Participant: 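Pasting a structure below so you can have a look.
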Amino acid sequence: MPHDKLIRMANQIAGFFATQPGQNQAERVAAHLNDFWGPEMRAELKAHAAEDDSDLAPLVRDAIPLI
C-alpha cells in the first residue's frame, strides 16, 4: 500500500479519536491500528514514522510506540 494512503488513513483514525472524550486517545488509536491493520501495514507505518513523522497527526505519533 502506498505510504500516502497509509498516512491518510492513520491521520483519519486519529482525527476520529481526537474528538472522543477522555485522555487516552493515543492508546485508542494504537488499539484500533493493532486490531484492524495487518502486520505489514503497521510495520510500514512504523518505518515511515522512524524516517520522518512530520506528516503524521500528533495522536498517530503518540500511538507509534504502542503499536
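This is a predicted model, so every value here is computed, not measured.
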Participant: For Thr19, what residues pass the side-chain hydrogen bond (donor to acceptor under 3.5 Å, both in side chains) criterion, not counting sequence neighbours?
Facilitator: none

Participant: List the residues meeting side-chain hydrogen bond (donor to acceptor under 3.5 Å, both in side chains) with Arg42, not counting sequence neighbours, and say none if there are none.
Facilitator: none

Participant: My understanding is that only residues two or more places apart in sequence, or in another chain, count here; which of them pass side-chain hydrogen bond (donor to acceptor under 3.5 Å, both in side chains) with Asp4?
Facilitator: none

Participant: Only pairs under 3.5 Å count here: list side-chain donor-acceptor contacts from residues 24-32, not counting sequence neighbours, and write none if there are none.
Facilitator:
from  : atom 1 : to    : atom 2 : distance (Å)
Asn24 : OD1    : Arg28 : NE     : 3.0
Asn24 : OD1    : Arg28 : NH2    : 3.3
Gln25 : NE2    : Gln20 : O      : 2.9
Gln25 : NE2    : Gly22 : O      : 2.7
Arg28 : NH2    : Pro21 : O      : 2.5

Participant: Nearest 0.5 Å, please: how far is CE in Met41 from NZ in Lys5?
Facilitator: 8.0 Å

Participant: For a 4.5 angstrom cut-off between non-hydrogen side-chain atoms, does Ile64 reach Asp53?
Facilitator: no

Participant: With Asn34, which residues qualify under side-chain hydrogen bond (donor to acceptor under 3.5 Å, both in side chains), at least two apart?
Facilitator: none

Participant: Show me, pair by pair, the donor-acceptor contacts under 3.5 angstrom made by side chains of residues 6-18, not counting sequence neighbours?
Facilitator:
from  : atom 1 : to    : atom 2 : distance (Å)
Asn11 : OD1    : Ala57 : N      : 2.6
Asn11 : ND2    : Ile7  : O      : 3.4
Asn11 : ND2    : Asp55 : O      : 3.0

